[in-house]
Asks: 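Dropping a structure here in structure tokens format, bear with me for questions.
Everything quoted here is computed from the prediction, not taken from an experiment.
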Amino acid sequence: METSKSLTTYVALALGLVLFTSCKKDESSPGGDPPTLTVSASVLSGGPLNDNGTVTATDTVDFSIDVTAPAGFNSVLIGGSGNSILDQGDAGAAGSATQVDGIPFRVLTILSDGGGLAKYSFVAVDEIGQQSDTVRFSFDITSTVDLYSNVTLGGFENTSVGSFYDAIENTISNLITAPSNAANIDLLFYHTNATGYVISSIDDSDADMTLEAQTTSDLDNFSSRNSTRFRTFISAPNFDAVRTIPDLQNAYSSNVQVSGLSSVTNLASTNIIGFQIATTRGARIGLIQVLETAGTTGASRSLRFNVKIEPE
């Protein structure tokens, strides 16, 4: 007569409450202590995942459940809230997600506009309705692209807020430090009455002429001049929706209006432009979302924007 049953299987999580029922139930007379439950999690490509851990968008997470039920095992209740979807293709399960030993049920993590926190709870139930203690997991889901927010560049004449930007390290140089740091500069900002607010590569001839006209400096004196190139779009990509490398690649390559530009002029808030840094810098692609333009004279000129770029 079977008085307990140990169950170890991979279980998928989905939003809401999911009930998993064993293929076989204990047919003996029920009785005994409440069930005990242990749960472990692992990232398919990265190993164990602890509670309060971090995963990356598009990671697949496996949850392994072990139940000991003296009164006979009945089911596992799984509650979930957060940004994840059940990948039925990986799971190899029907839509009802009925528990089957040996078939890996999995969670494919995603990010949504609702945020990146996922929370899940697990409870084992035995044949007489006794429940185990609740086991809880939570983890942050992060983006696979680098995000730099509220970057602010000043005009050439601004001595406190630099005009020169390193898109890999998210650092800013001014006219004093930029010439010797030129190998790490991917773009610059300036403003003129004729061209408005401009983002430019450091090898752009108009940027060189503007620098000479507004200051005593000259881009020809820089140790190197990286050839970042820009593109504009017929309709702006959804900047907020770009969280994975495929997202970025699709946004960068879709609805292109003009590409291969050494500068983009007349920028205004809400504009989104694409860019690719020089081959010597890794040829990474990215998007710039213009947030604010300000000032039209001297040191008052500025540009504030967000950046998303492929990671190293």
Side-chain angles (χ1 to χ4, degrees), residues 1-112 114-141:
M1 177 173 64
E2 184 180 358
T3 59
S4 68
K5 180 175 182 180
S6 180
L7 169 70
T8 301
T9 188
Y10 288 107
V11 187
L13 304 183
L15 300 181
L17 189 65
V18 183
L19 176 63
F20 286 83
T21 307
S22 71
C23 295
K24 296 187 297 180
K25 293 185 178 181
D26 190 343
E27 296 179 355
S28 63
S29 299
D33 295 331
T36 59
L37 168 69
T38 59
V39 181
S40 61
S42 62
V43 179
L44 186 63
S45 59
L49 172 65
N50 296 325
D51 183 31
N52 298 318
T54 301
V55 296
T56 301
T58 72
D59 273 345
T60 298
V61 180
D62 288 345
F63 283 86
S64 178
I65 292 178
D66 185 80
V67 178
T68 299
F73 172 76
N74 179 277
S75 57
V76 175
L77 302 176
I78 302 176
S81 65
N83 301 294
S84 62
I85 59 173
L86 175 63
D87 187 341
Q88 294 283 10
D90 277 352
S96 60
T98 301
Q99 177 183 302
V100 179
D101 287 346
I103 294 181
F105 291 89
R106 292 171 173 167
V107 172
L108 177 64
T109 60
I110 61 171
L111 273 175
S112 74
L117 181 64
K119 296 181 179 180
Y120 299 97
S121 62
F122 303 78
V123 178
V125 183
D126 67 14
E127 287 288 351
I128 57 176
Q130 298 180 111
Q131 295 187 357
S132 69
D133 291 337
T134 302
V135 177
R136 293 182 172 86
F137 267 88
S138 66
F139 46 86
D140 288 317
I141 307 173

Asks: Considering all heavy atoms of both residues, which atom of Thr56 and which atom of Ile141 are nearest to each other, and what is their separation?
Replies: C-CG2, 4.2 Å

Asks: Would you give the length of the straight line joining atom CG of Asp33 to atom CD of Gln130, rounded to the nearest 0.5 angstrom?
Replies: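 Spacing of CG (Asp33) from CD (Gln130) equals 7.5 Å.
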
Asks: Do the non-hydrogen side-chain atoms of Val123 and Ser132 ever get within less than 4.5 Å of each other?
Replies: yes

Asks: What orientation do Phe63 and Phe122 show, parallel under 30°, tilted 30 to 60°, or perpendicular over 60°?
Replies: tilted

Asks: Is there a side chain to side chain contact (heavy atoms under 4.5 Å, CB included) between Leu37 and Ile65 once you walk through the steps?
Replies: CA-CA 7 Å; Leu37 168 69; Ile65 292 178; 3.4 Å; yes

Asks: If the condition is side chain to side chain contact (heavy atoms under 4.5 Å, CB included), which residues does Asp140 pass it with, not counting sequence neighbours?
Replies: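 Thr54, Leu117.
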
Asks: Tell me the closest heavy-atom pair linking Ala41 and Phe137, and the distance in Å.
Replies: CB-CE2, 3.8 Å

Asks: Once you round to the nearest 0.5 Å, how far does OH of Tyr120 lie from CZ of Arg136?
Replies: 15.0 Å

Asks: Indicate the atoms forming the closest heavy-atom contact of Pro70 with Gly32, along with that distance.
Replies: CB-CA, 4.3 Å

Asks: Give the C-alpha distance, both sets of side-chain angles, the deciding distance and a yes or no for side chain to side chain contact (heavy atoms under 4.5 Å, CB included) between Thr60 and Ser45.
Replies: CA-CA 8 Å; Thr60 298; Ser45 59; over 6 Å; no

Asks: With sequence neighbours left out, what residues match Asp51 under side-chain hydrogen bond (donor to acceptor under 3.5 Å, both in side chains)?
Replies: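 Expected list: Ser138.
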
Asks: Report the distance from atom OG1 of Thr38 to atom CG of Asp133, rounding to the nearest 0.5 Å.
Replies: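 Going from OG1 on Thr38 over to CG on Asp133, the span is 12.0 Å.
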
